[in-house]
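What follows is one structure encoded as structure tokens, with my remarks underneath.
Note that ligands are numbered from 1 as they come in the structure, with each ligand's atoms numbered from 1 the same way. Bear in mind that the values here come from a model prediction, so they are computed numbers and not experimental data.
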Amino acid sequence: MKLNGCFDNLTENYLFAEVGKRTNEYIAAHPDKKIIKLGIGDVTLPLVPAVIEAMHGAVDEMASADTFRGYGPYEGYAFLRESIKKHYAELGVSVGVDEIFVSDGAKSDLGSILDLFDKDNTVVVTDPVYPVYVDTNTLAGRKVILASATEANGFLPMPDRSVKADIIYICSPNNPTGAAYSKAQLKEWVDYANAVGAVILYDAAYECFISDNSLARSIYSVEGAKSCAVEICSFSKTAGFTCTRCGYTVVPAAICGGKLNKMWYRRQATKFNGVSYVVQKGAAAVYTEQGMAQIRANIDRYRRNAQLIADCMDRLGIWYTGGKNSPYIWLKCPRGMGSWEFFDYILNNAQVVGTPGVGFGTNGEGFFRLTAFGSEEATKEAIARIERLLSE
Ligand SMILES: *Cc1c(COP(=O)(O)O)cnc(C)c1O
């Protein structure tokens, strides 16, 4: 037996372990101080009543022989795929039910989709980046090229025509930077991908946070995307499914003459047995009138927090991306501080925990991520403390 040597090529990601370690050390030394965590990349509001009710109903169905379900379809139940198709139609996008595949979340699909591509493909990701894109390709032994996201390009790098990319990752609105591409910018990426024969893996996990109607909530609202882009979506941030687990991936029939869509079906049929009926019933309830109104209310609460943080940065004259169409605020550390220096500074002097940008890539040095997933009360208290400290 030989082990997969690619595991040795993974770079250890100490980011959240180190954040936890420094935070716990501070708490141990200052048990009287109240810490506020604005570092969390996870939702905090519970599942909405429409989802809970649908899931309870589905559990009851499983309790009776007449309505009990065994294995479901690999690609997801038709009722959920039809609802997703309708959701796309409301965004002005036409997607076929056969192009929609339900999954247990975006992270799994982001990893699994790589089964469809040859090892000898060149992968382009941004720096800073959501680490999953890099690590999944490293494990497969693929070459990864970094597209530099910086203050100068608003953390939205554009295609480099001197590079021949095969697999391109785009996350918009972005984690960690909160930056969102305009339709015109996405069009440039789509045109580039179509010109060089690349595939775009478009991570739309945060599409529901887009409030600016001129921005794309789906890559398919950009002309030409159907022939080059796979869209990966999730109920995690949209509807609080981070624990419950459900997402979906769109593999258009127009990519490689339908071959990629067929390959994805075959891949899922081989290695995946679908998402539980109970969870899919819960996910479908998100698209009911009631469900939509309820998740909108939750998203609006996170949005208000993001706005509060963004307003605070504006008052302090701190440069940032995100906040408007994203639950993340990616700020430039004031007074020329490095990411970890600023982490320690606000932990020690304001008892606020955030995430050092350098943990997401070299270009993140000197930047810092705050998230809007805390409660309104905690968010208000945290920004009041930061504002007091930085106005000194
Ligand atoms: C949270 C998040 C996801 C969602 O992942 P799930 O596996 O569906 O929970 C996907 N992409 C990014 C960039 C994220 O931050």
Note to self: Does only the side chain of Ala106 get under 4.0 Å from ligand 1, or the backbone, or both, or neither? Count heavy atoms.
What the structure shows: both
Note to self: Under 4.0 Å from a heavy atom of Ala205: which atoms of ligand 1 are those, numbered in the order shown and with their elements?
What the structure shows: 3 (C), 10 (C), 11 (N)
Notebook entry, point to check: N/O of Tyr328 under 3.5 Å from N/O of ligand 1, yes or no?
Noted result: no
Check: Taking atom 4 (C) of ligand 1 as the point of reference, which of Lys107, Lys237, Arg245 owns the nearest heavy atom?
Finding: Lys237
Margin query: Contact between Phe241 and Val51 at the side-chain level, heavy atoms closer than 4.5 Å - yes or no?
Written below: yes
Next item on the list: Go through the side-chain N and O atoms of Gln294 and Asn298 and say whether any donor and acceptor fall under 3.5 Å apart.
Entry: no
Item checked: Any N or O of Thr242 closer than 3.5 Å to N or O of ligand 1 -> no
Check: Ring centroid separation for Tyr248 and Phe235, is it under 6.0 angstrom?
Finding: yes
Next item on the list: For Asp203, take its heavy atoms, then give the atoms of ligand 1 lying under 4.0 Å from any of them.
Entry: 10 (C), 11 (N), 12 (C), 13 (C)
Notebook entry, point to check: Using a distance-only test with no angle check, is there a side-chain donor-acceptor pair under 3.5 angstrom linking Glu231 and Tyr88?
Noted result: yes
Check: Are a donor atom and an acceptor atom from the side chains of Gln351 and Tyr26 found within less than 3.5 Å of each other?
Finding: yes
Item checked: Nearest protein heavy atom with distance in Å, relative to atom 15 (O) of ligand 1 -> Tyr206 OH, 2.5 Å
Margin query: Suppose I only count heavy atoms of Cys171 and a 4.0 Å limit; which atoms of ligand 1 are within that range?
Written below: 13 (C)
Check: Honestly, is Arg335 close enough over Tyr345, meaning NZ or CZ under 6.0 Å from the six-membered ring centre and within 45° of the axis?
Finding: no
Note to self: Could you identify the single nearest non-hydrogen protein atom to atom 9 (O) of ligand 1 and state the distance to 0.1 Å?
What the structure shows: Ser236 OG, 2.6 Å
Next item on the list: Could you tell me whether Tyr169 and Tyr130 have their ring centroids closer than 6.0 angstrom?
Entry: no
Notebook entry, point to check: Hey, is Phe235 touching ligand 1 through its side chain, its backbone, both or neither, going by heavy atoms under 4.0 Å?
Noted result: neither
